[in-house]
Amino acid sequence: MILVTTEVVHGRTITETLGLVRGSAVRAQHVGRDVMAKLKNLVGGELDEYTKLVAEAREQALDRMTAEARARGANAVVGVRFTSSEVTDGAAEVLAYGTAVRLG
Amino acid sequence: MSTTSSSAARARSSSAGSRPSPCCAARCPRCAGSRSWRAPAAPPEIEDHEWAALARDPAQRGTLAAGWILAVLGLCGLAGFGLYALGASAAPLVVKLFLGAFLLGGTALFLAVLRARLRILPHDPYRDVQR
């Protein structure tokens, strides 16, 4: 499965457009990590607990989008984008979407 | 809703996309081969060895362990004292009953959520994602 942010895959021809595919994930971490992140917030630097949290949500959203594309018979997703929003405190929501296509 | 567009600049190959997480597969044999998983997204970084050294440092580990033990001990003590103070207080019995029901219900709900999480945990490959 090829995932690209461009509208085309250079060197390949899009033979069929299969439509929008998307995947989203909302994830939280346990309170212990939250406490450590709040404490790190006092001294600065990377809050790796939150980095990990967002990365988990990103990968899960991407996997769900890819799974939907695969189910539609696509072999690529073009125009991949990520969006995020805040649904609740301490949780990360990531939505990945793109256009599923079949490449020749 | 705040929106951020990102450019995941590289194409991902289908061979990497179908590889199960070795960690997840080790924890849960049923997951082996059934997971969609990719290679780690982030390459190693300069400060990684410092984080690893800190994680092994006895002083750091001891401080963290002592901190957590004291904090949890204090919280449990305060909760116990709160319950005792409520029981010994002159509050009406109905207040005590309703508050007890509320606390008991909250504890039961928490235990149900915790049980569900512990059951799902071995099948969750995303906990291995680092950044």
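Side-chain atoms are counted along with the backbone in the values below, which use heavy atoms only and exclude waters and symmetry mates. Chain naming here is simple, since letters A, B, ... match the order of the sequence lines and numbering starts at 1 in each.
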message: For the NZ atom on B:K96, are there more than 12 heavy atoms of other groups (residues, nucleotides or ligands in this structure) within a distance under 6.0 Å?
response: yes
In one Ile/Leu/Val/Met/Phe/Trp/Tyr side-chain cluster, 4.5 Å: A:L103, A:V4: yes
query: When hydrophobic residues are tied together by side-chain contacts of less than 4.5 Å, even through go-betweens, does A:V26 share a cluster with A:V54?
result: no
query: To the nearest 0.5 Å, how far apart are CZ in B:R117 and NE2 in A:H30?
result: 9.0 Å
field: Exercise: identify the closest heavy-atom pair between A:K52 and B:Y126
entry: NZ-O, 4.4 Å
Nearest atoms (heavy-atom pairs only) where A:R58 meets B:R131: NH2-O, 3.2 Å
field: Reported CD-to-CG distance for the pair A:E56 and B:D124, which is rounded to 0.5 angstrom
entry: 7.0 Å
task: May I ask you to test the A:R27-B:V129 pair for a side-chain heavy-atom distance under 4.5 Å?
output: no
- prompt: According to a 4.5 Å side-chain heavy-atom criterion applied to Ile, Leu, Val, Met, Phe, Trp and Tyr, with indirect links allowed, do A:V31 and A:L39 form part of one hydrophobic cluster?
  reply: yes
- line: Honestly, the part of A:V77 sitting under 4.5 Å from a heavy atom of chain B is neither
query: Are more than 12 heavy atoms from other residues, nucleotides or ligands located less than 6.0 Å from atom CG of A:L42?
result: yes
